**Q** 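My questions all concern the structure below.
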Amino acid sequence: MLEFAEAAHHGRKTFFVEVILPLAIAKNYTYRVPFEMNGAVEVGKRVVVQFGKSKLYTAIIDKITETPPEKYEAKYILEVLDDRPVVTQTQLQFWKWMAEYYMCNDGEVMNAALPTALKLASETKITLNREFLADKSGLNDREFLIVEALDLQPELTVSDIAKLLGQKTVMPILKLLFEKSIINISEEVSERYKPRMRTFLTLNPVYQNQDQLKELFGLLEKRAPKQADAVLAYMKLSRHQKAVSKNELIEESGAGSSSINSLIEKEVFIAKEKNVSRLHIEDEGLFDIFELSAQQQEALNSIRQQFEQKDVVLLHGVTSSGKTQVYIRLMEEALAAGKQVLYLLPEIALTTHVIERLRQYFGTSIGVYHSRFNDNERVEVWQKVLNGEYRVVLGARSAVFLPFQELGLIIIDEEHEVSYKQFDPAPRYNARDAAIFLANKHNGKVLLGSATPAFETYYNARSHKYGLAEMTERFGGTELPLIEVISIAEETKKKTIQSHFTSVLMLDVQQALANKEQVILFQNRRGYAPLLLCKVCAYTPKCINCDVSLTFHKHSGKLHCHYCGYKEDSPTICPACGSTHLEYKGFGTEKIEDELSLLLPSARIARMDLDTTRSRNSLQTILNDLEEKKIDVLVGTQMVAKGLDFADVTVIGIINADSMLKFPDYRANERSFQLLAQVSGRAGRRGKQGKVVIQTYDVNHRVIKQVIENNYRDLYFTEMEERKNFSYPPFFRVINLDIKHKDPEILYNQAAYLAAELRKHFGERVIGPETPLVSRIRNYYIKSIMLKFEKDGVSVNKVKTTIRDVITQFQTTKLSKGSIIQPDVDPY
DNA sequence: AGCACGCCGACT
DNA sequence: GTCGGCGTGCTC
């Protein structure tokens with residue numbers, strides 16, 4: 001109280017700041033601002049605060065108040081790190097929304113958003129006390145070990161010591177050593193971001209006078225020829241560039257660093273330290289003028305028109321219909337209006353190729369942001385976006401966190417890609433959905449682009465929540481691939497099938513090879529055979545952890561579990577009955593590759609699946625070989641569908657579509673469709689029509705029919721319509737605690753799966769969450785209601801609640817098997 | 001996230 | 001007994 005009186009006396013106010021700490025804690029904390037920092041605090045700036053007993057963290061100021069907290073004494077902030085905010089108000093609102101929407105803490109969002117180099121945290125360092133006179137007697141084993149280690153290495157962290165001792169609890173031991181004055185414990189903070197500094201030189205203006213210059217040369221030539229060279233080199237360089245750096249001069253003149261230093265000492269050169277960018281960008285300035293095709297122009301007009309009423313438009317364009325040019329036009333328009341543009345791509349598509357292509361149009365105003373950038377580079381991009389130097393940002397999902405000033409347009413290419421979703425640490429966000437919110441905050445527009453839109457996106461577009469523009473023809477007149485569906489059953493009956501290849505497929509493959517074209521064979525299973533079966537007793541080896549049948553891998557000769565990675569040797573006699581009649585059932589990519597090489601001995605065949613791409617560069621090697629046509633036939637799993645541009649692939653064979661049509665969950669049709677459509681879309685490039693051969697037992701399957709018609713409409717709508725008429729019950733009982741997951745979207749999927757399973761047993765009485773619009777789940781009604789088990793049977797109760805209520809209750813009240821969840825809302 | 005505190009099982 | 005693991009609660 002005295003302090004307040006004093007403050008009033010001095011006419012100074014006492015401020016408090018609420019800060020976001022980069023930790024997974026539920027609330028934000030209040031710190032007191034020392035008077036001398038009153039002028040420095042501002043929302044969005046970073047401050048250093050002590051949190052807990054000793055740790056220091058970088059926190060972001062979220063609010064400034066004058067009300068002192070009632071229940072505790074606030075600590076002081078220790079330092080204000082920034083001259084101007086590094087996080088904008090809009091970003092803070094965005095963070096709050098994300099924490100709310102994806103059910104995590106502000107601190108977790110901050111962690112994901114801010115480049116690590118902007119977050120400094122202290123680390124506890126252990127050093128040997130100088131006063132300690134190496135008298136190691138009287139130390140116990142562990143203490144001795146620690147002191148020994150500190151003799152070798154002057155500084156250790158707490159976790160180093162935990163590792164050293166092989167135990168988790170080390171604090172008590174360290175404390176004891178500290179009390180005996182043997183060690184020091186200190187907290188160290190270091191700034192991680194270091195701007196790259198270069199020394200730039202200018203010639204002392206005295207030497208603009210020719211006579212003075214001549215005199216200088218005369219002097220130098222005799223006594224210091226290297227220095228004369230340096231001055232000469234400077235004259236040469238400065239003719240073409242404004243600033244000459246010390247490094248350049250060293251290189252150009254052949255003079256050493258010492259010669260140049262003495263020139264600086266003699267004040268011939270004037271040195272200046274300057275901050276230079278790590279992001280080497282050359283303005284290529286190659287304004288590549290292009291004209292839109294009629295179809296592109298039409299799509300562009302339609303998008304523009306729809307943006308007048310709608311904030312989000314889906315551009316549904318078949319593979320290679322030339323969506324990029326449409327994006328570029330829209331981007332140019334947004335830039336012309338003085339706005340910034342964000343162009344999101346899945347990580348895998350962020351290749352130098354794409355980046356170069358866009359740089360041709362947007363030059364140095366384009367920034368790139370993705371996970372391969374190191375910390376310092378990320379900070380530089382961050383700052384350039386903040387100060388408006390970058391007008392266009394090309395980035396992977398984390399680019400939604402950049403500090404945009406005025407975002408006019410967000411383009412989300414390949415909008416259906418699952419890599420837009422972050423799964424592991426929280427925030428478990430989907431960059432596509434987050435971007436839509438972000439654009440809205442900036443009053444900007446969003447264009448979603450895809451050849452195979454996500455279910456929910458397409459639904460939103462068709463129900464007029466989003467606009468919709470379509471491009472159905474390939475750019476440059478290449479026709480869509482011809483799709484042929486072949487009945488495996490029929491060919492088996494006619495005995496025209498060889499191994500797993502129908503005569504139709506074989507003919508197309510041979511034809512392609514004869515034309516020096518390439519082929520992709522798609523088989524949605526890796527390994528050689530997905531199960532081993534004893535013909536006598538029907539025994540099948542199963543994983544000891546997961547209880548799924550083990551897949552045989554020929555290259556290792558072992559049985560593998562595809563869930564947990566467990567391996568065991570493949571038995572030659574049945575472990576159950578001793579019979580030798582063991583048979584491999586089913587087939588995977590390995591077997592396809594094997595048998596094809598027998599049928600086509602001269603073809604160069606490669607395989608692309610998890611097994612062949614596990615090591616670091618192997619994926620790139622395969623892609624390069626394909627590009628350079630060192631591969632004729634590529635056998636692969638769904639990896640081959642991932643937005644990669646293949647050179648001369650004209651034939652795509654889908655070995656067995658049935659395995660793709662039987663995904664075990666309720667999103668089956670969507671996934672099958674997308675996969676089939678994506679794989680098919682790869683056929684035919686460079687002006688040549690491709691062909692897709694789908695081998696199946698189920699030639700009339702509705703998904704296959706949809707793929708042939710390239711038609712999302714009916715499929716999506718029938719799926720949706722089937723899921724509408726449910727009624728709502730008053731409570732439900734948790735019967736399975738497996739419906740528990742940190743990720744709200746996964747939790748929802750599991751609930752749906754569980755409901756579907758229960759429905760098999762209890763029929764219509766189980767009503768499950770079934771809508772596939774997973775991205776909007778939080779506010780959807782869970783129509784599912786678990787069962788109340790009774791001795792004499794089952795009775796079903798109903799509830800109306802949202803997934804959010806369920807998760808909240810999972811998090812707050814500790815639910816156990818049999819607990820009853822009461823919804824907040826009145827169900828009737 | 002760290003760190004302290006308290007409970008509980010397995011060792012000298 | 002006592003040490004260390006582990007669950008729980010708190011940090012402005």
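Chain identifiers are assigned alphabetically (A, B, ...) following the order of the sequence lines, protein sequences preceding nucleic acid strands; residue numbering begins at 1 within each chain. This structure is a prediction, so every number in the text was calculated from the model and none was measured.
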**Q** Nearest 0.5 angstrom please: A:Thr14 OG1 to A:Phe35 CZ, how far?
**A**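 A:Thr14 atom OG1 to A:Phe35 atom CZ measures 4.0 Å (nearest 0.5 Å).
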**Q** Between P on C:dC12 and CZ on A:Phe16, what's the gap in Å once rounded to a whole number?
**A**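 Rounded to whole Å, this separation is 14 Å.
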**Q** Looking only at side-chain N and O atoms, does A:Lys55 come under 4.0 Å of OP1 or OP2 in B:dC3?
**A**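 True: A:Lys55 side-chain N/O within range (under 4.0 Å) of B:dC3 OP1/OP2.
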**Q** Over 60° means perpendicular and under 30° means parallel, so tell me whether A:Trp97 and A:Phe94 are parallel, tilted or perpendicular.
**A**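 Parallel: the ring planes of A:Trp97 and A:Phe94 meet at under 30°.
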**Q** Output the rounded distance in Å from CZ (A:Phe51) to P (B:dA1).
**A**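 My rounded result for the distance is 12 Å.
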**Q** Expressed as a whole number of angstroms, how long is the span from A:Leu23:CG to B:dA1:C1'?
**A**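 Distance, rounded to whole Å: 5 Å.
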**Q** So, is A:Ser54 near the phosphate of C:dT11, with a side-chain N or O under 4.0 Å from OP1 or OP2?
**A**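 No.
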**Q** Using atom CD1 of A:Ile173 as one end and atom P of C:dC3 as the other, report the distance to the nearest whole Å.
**A**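 From A:Ile173 CD1 to C:dC3 P: 10 Å.
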**Q** Please check the phosphate of B:dG2 (OP1 and OP2 only) for any side-chain N or O of A:Tyr57 closer than 4.0 Å.
**A**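 True: A:Tyr57 side-chain N/O within range (under 4.0 Å) of B:dG2 OP1/OP2.
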**Q** Starting at atom CD of A:Gln167, determine the distance to atom P of C:dT2, rounded to an integer number of angstrom.
**A**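 Taking CD of A:Gln167 and P of C:dT2, I get 17 Å after rounding.
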**Q** In this structure, how many angstroms lie between the P atom of B:dA4 and the CE atom of A:Met171, rounded?
**A**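 In whole Å, B:dA4 P lies 5 Å from A:Met171 CE.
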**Q** Between A:Lys53 and A:Glu108, which has a closest nucleotide on DNA chain B that is more 5'?
**A**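 The residue mapped nearer the 5' terminus is A:Glu108.
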**Q** Does atom NZ of A:Lys441 have more than 12 heavy-atom neighbours from other groups under 6.0 Å away?
**A**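 Counting neighbours around NZ of A:Lys441, 12 or fewer heavy atoms of other residues, nucleotides or ligands fall under 6.0 Å, so no.
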**Q** Can you measure A:Asp106 atom CG to C:dC12 atom C1' for me and round it to whole angstrom units?
**A**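 Taking CG of A:Asp106 and C1' of C:dC12, I get 15 Å after rounding.
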**Q** Rounded to whole angstroms, how far apart are CG on A:Leu78 and C1' on C:dC12?
**A**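 Spelled out: CG on A:Leu78 to C1' on C:dC12 is 12 Å.
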**Q** Could you tell me which non-hydrogen atom of A:Val446 sits nearest to which non-hydrogen atom of A:Ala435, and how far apart they are?
**A**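 Smallest heavy-atom distance, with atoms named: CG2-O, 4.1 Å.
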**Q** Tell me whether the OP1 or OP2 atom of C:dT11 has a side-chain N or O from A:Lys75 closer than 4.0 Å.
**A**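 Checking C:dT11 against A:Lys75, no side-chain N or O comes under 4.0 Å of OP1 or OP2.
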**Q** If we count only N and O atoms by modelled type, under 3.5 Å, do the side chains of A:Thr116 and A:Asp375 hold a donor and an acceptor together?
**A**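 Yes, because at least one side-chain N or O of A:Thr116 sits under 3.5 Å from a partner of the opposite role on A:Asp375.
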**Q** Quick one: does A:Tyr31 reach the base of C:dC12 with a side-chain donor-acceptor pair under 3.5 Å?
**A**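 Looking at the base of C:dC12, it does not pair with any donor or acceptor on the side chain of A:Tyr31 (distance under 3.5 Å).
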**Q** Any base atoms under 4.0 Å from A:Ile25, or only sugar-phosphate, or nothing? Heavy atoms, all strands.
**A**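 Since a base atom lies under 4.0 Å of A:Ile25, the category is base.
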**Q** Applying a 4.0 Å non-hydrogen cut-off, can you work out what A:Lys71 is touching in the nucleic acid: base, sugar-phosphate, or nothing?
**A**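 No contact.
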